[in-house]
Amino acid sequence: MFRGLLGKTLGFVGYTIQYGCIAHCAFEYIGEFVVCSGPSMEPTIVSHDIVFSERMSRHLYKIQKGDIVIAKSPYDPAMNICKRVIGLEGDKVSTRSDIFTSHTYVPKGHVWLEGDNLRNSTDSRSYGPIPYGLIRGRVCLKLWPPHTFGTLGENPNKQNVKSFKDSD
Amino acid sequence: SCHSLRARQRLITRGGEWSPRNPQQKIIKRVIGLEGDFIRTMGYKNRYVKVPDGHFWIEGDHHGHSLDSNSFGPVSVGLLHGRASHIIWPPHRWQRISPALPPNRGPLEINEDQE
């Protein structure tokens with residue numbers, strides 16, 4: 001009887017390890033569920049929304065201007081931030097201040113992030129461009145609340161970013 | 001990870017991490033300073049730097065030939081990929097990599113109470 005119980009326990013442990021590995025690979029390479037908090041992405045994403053953030057674009061370096069991304073906070077590695085990509089490396093972005101507007105070029109290997117709620121968002125306008133390596137994933141789907149289920153909207157703010165890759 | 005590094009004895013390690021300039025490349029450097037430390041830089045745009053929150057200051061052991069914080073400044077801890085603990089190949093180089101600060105490279109001691 002004891003041997004039967006031991007066999008069942010080992011079998012259970014084996015299944016747990018297998019499913020744990022599959023889950024880990026899924027979260028690392030496919031995508032993860034994220035509960036958002038804070039007002040910085042209103043009205044596109046509001047507090048307590050649940051979104052799905054896919055990892056493939058990040059691993060394949062296919063993050064584009066206009067994408068909403070989840071990234072590690074540059075000043076606190078334990079915290080995540082959810083912002084929109086306004087500029088990629090080489091782009092010229094405007095850094096609006098209370099008094100004047102100036103422009104800066106996004107350095108190599110970095111991105112410029114801004115929240116959709118410009119009045120209430122701490123983003124690249126405060127802490128500058130962040131390294132691409134801090135990006136975790138691209139938010140592609142809103143899952144909760146159910147009446148807003150679906151893909152996410154475009155940037156509600158008018159953007160005038162001159163892209164390094166534009167040829168004109 | 002980083003918080004456990006902040007021991008009394010300044011446990012300094014080599015870190016493998018994603019390069020801040022080239023996200024497809026990993027670099028291996030030595031951690032010289034943690035957040036809040038003051039560093040005397042070598043070839044950086046500012047002579048002295050206070051390492052910001054959530055960042056560290058990394059340097060290659062071979063100065064002058066190293067692309068490190070002296071070029072691109074403090075690096076966000078979020079880019080840390082791992083800690084180089086052992087050399088496993090080639091076999092005659094098997095060793096444990098122990099944390100140690102190079103001579104004259106390390107955070108500056110700032111005396112808070114000066115009479």
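Residue numbers start from 1 in every chain, and the chains themselves are labelled A, B, ... in the order their sequence lines are given, proteins ahead of strands.
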Residue part contacting chain B, namely of A/Pro74, when any heavy atom lies under 4.5 Å: both

Residues which pass salt bridge (charged side-chain N to carboxylate O under 4.0 Å, His left out) with A/Glu42, listed by chain and number, not counting sequence neighbours: none

In terms of hydrophobic clusters joined by side-chain contacts under 4.5 Å, are A/Ile45 and A/Val69 together? no

Full working for side chain to side chain contact (heavy atoms under 4.5 Å, CB included) between B/Ser76 and A/Ile130: CA-CA 9 Å; B/Ser76 184; A/Ile130 72 161; over 6 Å; no

If you look only at distance, which donor and acceptor atoms sit under 3.5 Å apart when one is on a side chain in residues 29-36 of chain A and the other is two or more places apart or in another chain?
residue, atom, partner, partner atom, Å
A/Glu32, OE1, A/Arg136, NH2, 3.0
A/Glu32, OE2, A/Arg136, NE, 3.2
A/Glu32, OE2, A/Arg136, NH2, 3.3

Check for me, please, whether B/Leu79 and A/Ile81 land in the same ILVMFWY cluster - side-chain distances under 4.5 Å, paths through other members count. yes

Check B/Gly78 against A/Pro77 and note the closest heavy-atom contact, atom names and distance. N-CB, 3.9 Å

